[in-house]
Protein chains: 2
Amino acid sequence: MLMAELSRRSGVPVATIKYYLRESLLPAGVATSATRAEYGEAHLRRLRLIRALVDIGEVPVAALRKILAVVDDQDASVHKMLGTVEYQLGPRPAVADDDDPDWQAASQEVDDLIAEMGWTVTPFAPARTLLALTLAALRRLGSAPPGAGLRAYAEAMAALADTEVASLVRDPDSAPSPQLGAASVRPSEPGSRVALAESAVLGMVLYERVIVALRRLAQEDASARIFG
Amino acid sequence: MLMAELSRRSGVPVATIKYYLRESLLPAGVATSATRAEYGEAHLRRLRLIRALVDIGEVPVAALRKILAVVDDQDASVHKMLGTVEYQLGPRPAVADDDDPDWQAASQEVDDLIAEMGWTVTPFAPARTLLALTLAALRRLGSAPPGAGLRAYAEAMAALADTEVASLVRDPDSAPSPQLGAASVRPSEPGSRVALAESAVLGMVLYERVIVALRRLAQEDASARIFG
């Protein structure tokens, strides 16, 4: 398809597509003349992925570039790719003062929880810092985890994560995606690494929003029942 | 305490505190001379709340103003307050094209899920739109919910939300907070509405980060086990 159709089908303005091309976030089309290029379904899919990450995931362009680079890197393992996505996602609150007792206690709480859950997590995972800073802020305000505490949250997330990550192996056909520039590659073939990669990135980023939105809806309902 | 001590204990620069005072996000201290004012523990607590919402929750100032106004509004019910917080939180993706079949299908999916869960949610809850737009983006990319589907996520969030919202009633002492300008009010007295309100806002905003951080850690572990 030509640029105009790519724009129409993706809902992304031509100027924006050109920006993504210039920034190498979207691979170039196949030139058919000095001023025309042909784009395929893989370009459409990549554009939709970019828009989903930017519009819904609020992923900044610098992070997007690193995420897409690892999606397209045939030598990157799935574990490395998921790690890259995790490490690129925000928010990145300012790092705490190491002498702050609330920060020290919260960091210890995170280390203990990870050990208790038996999780394999690198020492420099940004989610550790995000969690510890959040728990430090809650401590500073005298707020204790409700009910069964942090452990209940960790167990709920572990159950969902296991299903999600395992589904990347079990259901490769659930997210059919031709490899960029090789439209005939079937998802179950090794060349469908891009399909798995795109699906993994999408799941990792967008399901955070799904979880947050569902939690807000569930809280509105709980509040209506208890306080309404 | 004087401004300098408030700044030292909260870790918030004096210029920022003055900005919050000018913007009426922080109530004025008690003037002790033409150029000095005295601040109390309630001011410190409010400053910490603001910083937690801004730094970790990434709540913009306009939303913060509306959230703090309802926290301080003695006539607002807890349900109204929680609703105000929910409705002020982002992200706010651009509204979809009503003719888009993916958006229509995703909206229907959200309505069906809410009905199936028996949730009481207003038709204009922004979390409905956030969820539907996210599901529409996933549909557009051919990505199906993994495993037990959306229902598993909804049930996990419902279980956590029930505990959280109920804890606002059951454990009023878990978050002691003197009312602004009335340091002697006990948390269990009606005047402690501000304590409940601050605690509720904090929980609603910060536990989203806790959940997101825990999910990323759980995913890193699942990925290490399955792909590492």
Most heavy-atom pairs under 4.5 angstrom with chain A, which of [options]?
{"options": "Val210(B), Asp55(B), Leu113(B)", "result": "Val210(B)"}
{"options": "Lys80(B), Glu86(B), Glu58(B), His79(B)", "result": "His79(B)"}
{"options": "Arg48(B), Arg225(B), Arg51(B)", "result": "Arg48(B)"}
{"options": "Ile114(B), Leu133(B), Leu131(B)", "result": "Leu131(B)"}
{"options": "Ala218(B), Ala222(B), Ala159(B)", "result": "Ala218(B)"}
{"options": "Ser223(B), Ala137(B), Ala127(B)", "result": "Ser223(B)"}

Supply the atom-to-atom distance [X] [atom1] to [Y] [atom2], rounded to the nearest 0.5 angstrom.
{"X": "Arg215(B)", "Y": "Tyr207(A)", "atom1": "CZ", "atom2": "OH", "answer": "9.5 Å"}
{"X": "Leu160(A)", "Y": "Leu214(B)", "atom1": "CG", "atom2": "CG", "answer": "11.5 Å"}
{"X": "Thr120(B)", "Y": "Asp221(A)", "atom1": "OG1", "atom2": "CG", "answer": "5.0 Å"}
{"X": "Leu141(B)", "Y": "Arg46(A)", "atom1": "CG", "atom2": "CZ", "answer": "10.5 Å"}
{"X": "Ser199(A)", "Y": "Leu138(B)", "atom1": "OG", "atom2": "CG", "answer": "9.0 Å"}
{"X": "Asp162(B)", "Y": "Ile226(A)", "atom1": "CG", "atom2": "CD1", "answer": "6.0 Å"}

Using non-hydrogen atoms and a 4.5 Å limit, figure out which bit of [X] sits close to chain B: side chain, backbone, both or neither.
{"X": "Ile56(A)", "value": "both"}
{"X": "Met117(A)", "value": "neither"}
{"X": "Ala224(A)", "value": "both"}
{"X": "Leu44(A)", "value": "neither"}
{"X": "Arg128(A)", "value": "both"}

Measuring heavy-atom distances to chain A, does Ser77(B) have an atom under 4.5 Å in its side chain, in its backbone, in both, or in neither?
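The answer is neither part of Ser77(B).
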Please classify the contact of Leu82(B) with chain A as side chain, backbone, both or neither, using a heavy-atom distance under 4.5 Å.
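The side chain, not the backbone.
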Choice from Val85(A), Val110(A), Val78(A) maximising heavy atom contacts with chain B below 4.5 Å:
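Sorted descending by pairs with chain B, the first entry is Val78(A).
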In terms of side-chain heavy atoms, does Gln219(A) have a donor or acceptor partner in Glu164(B) at a distance below 3.5 Å?
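The criterion, which ignores hydrogens and geometry beyond distance, is satisfied for Glu164(B) and Gln219(A).
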Closest non-hydrogen atom pair, Arg209(A) against Leu130(B):
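In this case the closest contact between Arg209(A) and Leu130(B) is O-CD2, 4.5 Å.
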Looking only at non-hydrogen atoms, find the nearest pair between Ile211(B) and Ile211(A) and report the distance.
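Shortest heavy-atom separation between Ile211(B) and Ile211(A) comes out as CG2-CG2, 3.7 Å.
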Give a yes or no on whether the backbone of Thr122(A) and the side-chain of Glu220(B) come within a donor-acceptor separation of less than 3.5 Å.
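Confirmed, Glu220(B) side chain pairs with Thr122(A) backbone.
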